[in-house]
Amino acid sequence: MSSRLIGVGVGPGDPELVTVKGVNALRAADVVVVPVMAAPDGTDCGERGRAEATVLHYVPEEKVVRVVFALNERTDRGRREAAWDAAGRRVADLLGKFSSVAFATIGDPNVYSTFTYLAQTIVELVPGTGVETVPGITAMQDLAARSGAVLTEGTEPLTLVPVTAGAAVLKEALGGPGTVVAYKFGRQAREVAEALRDTGRVEDAVWGSALGLPDESIRSAAELDDGPLPYLSTLIAPARRDGGRGGKL
């Protein structure tokens with residue numbers, strides 16, 4: 001029987017936001033892999049990431065396997081690829097020993113997730129491995145709930161933009177209709193603030209970081225300044241709504 005690799009979305013940080021199906025998948029797996037950032041020398045940095053902290057609310061520590069991924073490497077492609085290959089081999093080794101390996105990822109495993117790249121690697125390294133995913137609550141959903149921002153109404157589109165693609169991509173999205181959500185913009189807070197002002201979208205926009213955690217911060221986007229923000233900051237710029245209740249139906 002072939003082994004199974006299961007990507008489990010564990011939400012944006014609040015352990016209460018892991019779904020029942022997600023908890024069951026974590027507990028049923030033989031081992032649970034959690035990604036950790038690499039130190040400058042490529043070894044385990046020793047810090048506990050958001051996914052690991054969430055997982056430990058539901059499974060014992062001895063069942064958790066920390067695997068180093070180049071999560072913080074954005075300039076040296078060769079180093080990043082080498083780290084990906086090493087992580088893939090580590091998980092492939094686990095699949096040779098266990099019938100089911102869960103991989104815990106913050107948010108959802110099919111939305112800008114490390115799991116996507118891992119699954120592609122495993123399919124090549126261990127042909128016949130079954131790959132499954134369990135959906136998770138995303139940061140934009142959590143921020144909408146905590147801030148009161150409505151993501152979509154009626155026929156409005158919803159655009160999700162990783163600002164790592166460039167502030168110009170975000171500005172183009174803000175110039176269109178519907179709600180715009182921006183991920184990973186902490187290091188480009190100035191550019192994001194400028195894009196919001198230039199498109200007249202700053203007034204109703206809201207940003208948040210560390211959602212559901214002790215250092216949670218949720219504020220109006222009008223308070224964005226030139227200072228750096230946490231990398232995993234999330235922005236919601238709601239659609240312009242002036243038609244009253246049901247105006248977009």
Side-chain angles (χ1 to χ4, degrees), residues 5-74 79-80 82-84 86-91 93-95 98 100-109 111-119 121 133-139 141-143 146 164 183-187 208-218 228-234:
L5 176 65
I6 309 154
V8 182
V10 297
D14 184 345
E16 292 186 344
L17 291 181
V18 185
T19 67
V20 173
K21 186 168 185 176
V23 171
N24 288 340
L26 293 172
R27 289 175 173 169
D30 296 316
V31 293
V32 179
V33 171
V34 294
V36 296
M37 289 196 300
D41 63 356
T43 61
D44 187 333
C45 72
E47 297 180 5
R48 177 170 290 171
R50 211 175 285 187
E52 182 179 6
T54 303
V55 165
L56 290 175
H57 279 80
Y58 299 105
V59 300
E61 189 168 2
E62 57 267 24
K63 186 175 175 176
V64 176
V65 177
R66 294 165 57 94
V67 175
V68 175
F69 286 81
L71 303 175
N72 50 340
E73 179 56 69
R74 300 178 184 87
R79 180 173 178 267
R80 183 172 64 244
W84 275 114
R89 289 192 297 270
R90 179 73 178 98
V91 175
D93 180 62
L94 292 172
L95 286 164
F98 301 101
S100 63
V101 175
F103 180 89
T105 178
I106 59 172
D108 182 276
V111 180
Y112 300 129
S113 170
T114 305
F115 179 75
T116 302
Y117 311 115
L118 174 63
T121 303
T133 58
V134 177
I137 292 173
T138 61
Q141 292 169 288
D142 195 14
L143 178 57
R146 294 176 187 275
T164 48
Y183 276 1
K184 306 177 182 180
F185 72 91
R187 294 183 178 87
S209 63
L211 301 174
L213 302 175
D215 54 342
E216 173 182 278
S217 180
I218 298 175
L229 298 172
Y231 174 66
L232 291 177
S233 294
T234 299

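With sequence neighbours excluded, the residues forming a side-chain contact (heavy atoms from CB on, under 4.5 Å) with Leu213 are Arg50, Ala210, Asp215, listed by chain and number.
Residues Val32 and Ala104 share a closest heavy-atom pair of CG1-CB, 4.3 Å. The minimum heavy-atom distance linking Pro109 with Thr133 is given by the pair CG-CB, 3.8 Å. For the residue pair Thr234 and Ala139, the shortest heavy atom distance occurs at OG1-CB, 3.5 Å. Annotation for Ala102 and Leu26: closest pair CB-CD2, 4.4 Å, computed over non-hydrogen atoms.
Note that the CD1 atom of Ile106 and the OG1 atom of Thr114 stand 8.0 Å from one another [nearest 0.5 Å]. Once rounded to the nearest 0.5 Å, the distance linking CG of Leu211 with CG of Asp142 reads 5.0 Å.
Judged by distance alone, with hydrogens and angles left aside, the side-chain atoms of Asp30 form a donor-acceptor pair with the main-chain N or O of Ser100 at under 3.5 Å.
Classified by interplanar angle (parallel below 30°, tilted 30° to 60°, perpendicular above 60°), the ring pair Tyr112/Tyr183 is perpendicular.
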Derivation of the side chain to side chain contact (heavy atoms under 4.5 Å, CB included) call for Val67 and Phe103: CA-CA 10 Å; Val67 175; Phe103 180 89; over 6 Å; no
Test side chain to side chain contact (heavy atoms under 4.5 Å, CB included) applied to Val33 and Phe115, step by step: CA-CA 11 Å; Val33 171; Phe115 179 75; over 6 Å; no
Side chain to side chain contact (heavy atoms under 4.5 Å, CB included) assessment of Arg90 paired with Leu94: CA-CA 7 Å; Arg90 179 73 178 98; Leu94 292 172; 3.5 Å; yes
Just list the side-chain donor-acceptor pairs under 3.5 Å for residues 7-23, sequence neighbours left out, or say none.
from, atom 1, to, atom 2, distance (Å)
Asp14, OD1, Glu16, N, 2.9
Asp14, OD2, Arg146, NH2, 3.0
Thr19, OG1, Gly22, N, 2.9

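The side chain to side chain contact (heavy atoms under 4.5 Å, CB included) with Val34 is formed by just one residue from the set Leu56, Val55, Val65, Thr105; it is Val55.
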